[in-house]
Amino acid sequence: MAADPDPRDPLVLFMPSGKRGRFPVGTNLLDAARQLGVHVESVCGGRATCGRCQVEIQDGSFAKFGITSSQDHISARGGKEERYDRVRGLPAGRRLSCSATVLGDLVVDVPQDTTVNAQVIRKAASDRVIARDPAIRLCYVEVEPPDMHQPLGDLDRLKAVLALDWGIRDPVVPLRLLPGLQKTLRREGWGVTVAVHQDEDARPEITALWSGLHNSAYGIACDIGSTTIALHLVSLLSGRVVASAGASNPQIRFGEDLMSRVSYVMMNTDGRAAMTQAVREAVNGLVAKVCAEGGVDPDDILDAVFVANPIMHHLFLGIDPTELGQAPFALAVSAAVRSPAAELGLAANAGARAYLLPCIAGHVGADAAGAVLAEGPHRQDRMMLLVDIGTNAEIVLGNAARTVAASSPTGPAFEGAEISSGQRAAPGAIERVRIDPGTLEPRLRIIGSDLWSDDPGFAEDAARLGVTGICGSAIIEVVAEMYLAGILSAEGVIDGTLAARSPRILANGRTFSYLLHDGSPRIMVTQNDIRAIQLAKAALYAGIRLLMEKQGVAAVDCIRLAGAFGSFIDPKYAMVLGLIPDCDLSGVRAVGNAAGAGAMMALLNRGHRREIEETVRRIEKIETALEPHFQQLFVDAMALPHKVDAFPHLARTMKLPARPDPGEGPSDGRGRAGRAERMARRRRG
């Protein structure tokens with residue numbers, strides 16, 4: 001488009017982007033879109049053969065934009081569109097923007113479902129709309145046959161037409177493509193589809209070649225967690241999630257938590273190699289699964305983006321994580337990593353590329369960076385708290401002005417470890433708990449049944465599934481409910497005097513326990529269970545409070561709970577427990593696998609890669625072990641919900657037990673505060 005368009009030229013508005021501009025009569029719609037920066041897919045280079053550039057023309061008067069749009073304001077269907085309609089079918093109301101030209105003012109809708117041979121969406125990974133600008137492009141070209149008078153080689157003529165038709169100049173061509181180049185060019189009469197990878201400002205690279213028009217290009221977005229690996233197969237041409245799958249991380253057999261896996265590497269000479277092989281095999285197993293589910297050839301996978309916590313990140317790359325197990329927790333590499341996917345053993349096209357998001361710090365990894373990219377605290381004015389709760393909680397707090405991050409060693413209690421009846425989420429595990437404050441009788445719900453324990457039919461479900469233990473979400477709820485019912489003091493002590501009132505309160509040596517389920521097995525909540533949860537939640541809250549102090553704020557505006565565990569936590573009970581600070585409950589939201597969503601954003605748009613790389617450089621990393629005030633923050637956070645901090649928003653939604661005098665010692669007189677201080681020192685050091 002000219003720098004100074006003629007005001008008499010037709011006005012063209014593209015929706016839903018809202019981008020608009022004036023173009024001379026006869027301008028090709030695809031060219032108009034590209035000049036405005038509107039992403040309209042085209043593989044065939046305007047030959048009307050791929051069908052990916054479909055648009056819809058809106059009829060009517062659009063007063064807001066001063067446009068009257070009409071089908072008469074666009075050229076009639078030409079021979080190319082008619083041929084495409086006969087061969088592949090063009091839906092009613094659709095036009096190929098590469099063949100249609102501007103005759104008058106237009107409102108052009110770019111459908112979000114524009115795709116040819118689209119796969120059925122089996123499982124949506126995210127409902128967010130991501131503007132597409134992937135690092136991989138498919139470019140169809142028709143190469144001039146060889147000529148006795150023009151002695152250029154086949155590759156040189158291919159490069160020339162790529163420059164002419166697509167503006168791709170002097171691409172890198174890997175040696176592995178040269179042996180088959182001539183047969184590929186001649187198989188379909190000199191028409192070929194070229195996959196071109198270009199990220200950052202580096203030279204473009206030809207990564208794959210197909211004879212004729214090839215209309216399939218896919219990528220994978222993968223979150224490698226210490227417990228679970230989640231992978232999504234995505235069309236790079238439409239942005240659609242074709243299939244999703246997840247699996248347990250097989251490294252669990254080497255160690256339940258991250259530090260035990262580091263210890264395994266330190267004590268076994270082949271430990272690192274064994275864990276690297278295990279996680280790569282698991283990823284490839286998921287690739288095979290999603291390809292089978294979506295009917296996709298793995299050879300059409302051309303790009304991959306991974307996120308992971310620092311230790312998983314290093315093990316996936318084949319890096320010894322030993323340095324991450326000891327101060328100063330040095331990363332081998334913190335910046336984004338780019339690699340041929342083949343070097344990671346990925347079952348994909350031989351030329352596929354891989355990108356790993358940058359890590360923020362030694363214990364705040366690429367998964368936290370992915371969550372930041374997805375939720376965008378750096379893109380808003382509100383003070384957002386982003387928490388991914390796991391064995392090592394990753395915490396980010398900030399807004400567009402400043403963002404800080406830290407990790408906090410919560411341990412595995414929230415995942416069921418260290419809890420006498422704890423278990424991972426599985427059918428039969430208790431996932432919801434309510435306790436009557438008058439009778440102290442519990443109601444519970446188990447995974448696999450929608451019924452509460454006092455509903456008709458629950459006994460049958462329980463007999464079928466079993467009542468096997470307590471998973472993470474119920475651990476949060478049962479402790480919070482015990483506190484609300486008066487079974488627990490603010491210091492976390494089970495009140496043994498209630499044994500005279502309820503058979504649910506049972507003596508257990510020198511302490512007491514609460515009988516949650518009187519069956520086989522008997523499921524108890526012991527005093528030691530309460531202590532494990534207190535220590536875990538205190539570590540998390542102290543880390544959050546430290547970041548709030550660094551930001552100079554007494555409250556946060558909104559909270560995002562990321563990760564699988566965060567998805568199942570009831571925000572109200574998390575607040576009652578003192579897991580997160582007080583906040584308007586309407587501003588607290590579980591965001592699921594935000595790290596995976598960030599990986600998908602980086603897969604589908606190169607701009608998001610630059611965004612997170614720049615954002616990570618600006619995030620300030622706070623090391624809790626170096627903060628002398630952390631110990632006091634930890635001790636104060638042992639109380640339910642907190643020894644000092646007020647929870648006014650929470651108090652407006654429910655009646656909280658009376659807050660004890662902060663100066664009073666713990667009610668059991670056994671030096672609990674002293675123990676909390678000792679635990680704080682151990683966790684920091």
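Keep in mind that what you see is a predicted model, and the values were worked out from it rather than measured. Atom set for the values below is all heavy atoms of this structure, side chains included, hydrogens, waters and symmetry mates excluded.
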Could you tell me whether a side-chain N or O of Asp557 sits under 3.5 Å from a main-chain N or O of Met383, the two making a donor and an acceptor?
yes

Over all heavy atoms of both residues, which pair between Cys222 and Val283 is shortest? Give the atoms and the distance, please.
SG-CG2, 4.3 Å

The test is side-chain hydrogen bond (donor to acceptor under 3.5 Å, both in side chains); show your working for Gln534 and Arg531 and say whether it passes.
CA-CA 5 Å; Gln534 283 182 280; Arg531 287 295 172 228; 2.2 Å; yes

Classify the side-chain pair Glu481/Tyr573 by whether it contains a donor and acceptor separated by less than 3.5 Å.
yes

Is it the case that the side chain of Asp582 and the backbone of His649 share a donor-acceptor pair, with hydrogens and angles ignored and the cut-off at 3.5 Å?
yes

Output yes when a side-chain donor or acceptor of Ser449 lies under 3.5 Å from a complementary backbone atom of Ile446, and no otherwise.
no

Closest non-hydrogen contact found for Pro298 with Ala347 is CB-O, 3.9 Å

Which pairs with one or both residues in residues 503-530 pass ring pair (Phe, Tyr, Trp, His ring centres under 6.0 Å), sequence neighbours excluded?
none

Who passes side-chain contact (heavy atoms from CB on, under 4.5 Å) against Ala304, sequence neighbours left out?
Ile220, Phe306, Leu346

To the nearest 0.5 Å, what is the distance between CG on Leu604 and OG on Ser235?
8.5 Å

Over all heavy atoms of both residues, which pair between Leu444 and Leu516 is shortest? Give the atoms and the distance, please.
CD2-O, 3.8 Å

Could you check whether atom CG of Asp297 has more than 12 heavy atoms from other residues, nucleotides or ligands sitting under 6.0 Å from it?
yes

Does a donor on one side chain and an acceptor on the other come within less than 3.5 Å for Ser226 and Gln251?
no

Any donor-acceptor pair under 3.5 Å linking the side chain of Thr468 with the backbone of Gly428?
yes

Of the non-hydrogen atoms in Pro581 and Ile559, which two are nearest, and what is the gap between them?
O-CD1, 3.7 Å

Holding to side chain to side chain donor-acceptor pair (under 3.5 Å), I want the full list of residues that pass it with Arg501, two or more places apart in sequence or in another chain.
none

Identify the two heavy atoms, one from Arg504 and one from Leu440, that lie closest to each other, and give their separation to 0.1 Å.
CG-O, 3.9 Å

For the atom pair CG (Leu233) and NZ (Lys289), what is the distance rounded to the nearest 0.5 Å?
13.5 Å

Please confirm whether the backbone N or O of Leu315 pairs with a side-chain atom of Thr276, one donor and one acceptor, at under 3.5 Å?
yes

Going by salt bridge (Lys or Arg N to Asp or Glu O under 4.0 Å), name the residues that satisfy it together with Glu477, two or more places apart in sequence or in a different chain.
Arg432, Arg434

His642: partners by ring-ring contact (aromatic ring centres under 6.0 Å, His included), with sequence neighbours left out
Tyr541

Quick check against the 3.5 Å criterion: does Asp436 have a side-chain atom that pairs as donor or acceptor with the backbone of Thr439?
yes

Please confirm whether the backbone N or O of Gly492 pairs with a side-chain atom of Gln527, one donor and one acceptor, at under 3.5 Å?
yes

Without swapping roles, check the side chain of Thr624 against the backbone of Gly543 for a donor-acceptor pair under 3.5 Å.
no

Compute whether any side-chain donor of one residue and acceptor of the other, for Asp529 and Thr526, lie under 3.5 angstrom apart.
yes

Are the side chain of Asn593 and the backbone of Gly563 linked by a donor-acceptor contact shorter than 3.5 Å?
no

Beyond-backbone contact of Arg382 with Val556, side-chain heavy atoms, under 4.5 angstrom
no

Got a donor-acceptor contact below 3.5 angstrom from the Glu394 side chain to the Ala406 backbone?
no

Considering only heavy atoms from C-beta outward, does the side chain of Asn249 approach that of Arg261 to under 4.5 Å?
yes

Quick one: closest heavy-atom pair of Gly271 and Val265, and the distance?
C-CG2, 4.2 Å

A side-chain contact here means heavy atoms from C-beta on lying under 4.5 Å apart; do Leu397 and Leu386 qualify?
no

Partners of Phe568 by ring-ring contact (aromatic ring centres under 6.0 Å, His included), sequence neighbours excluded?
none

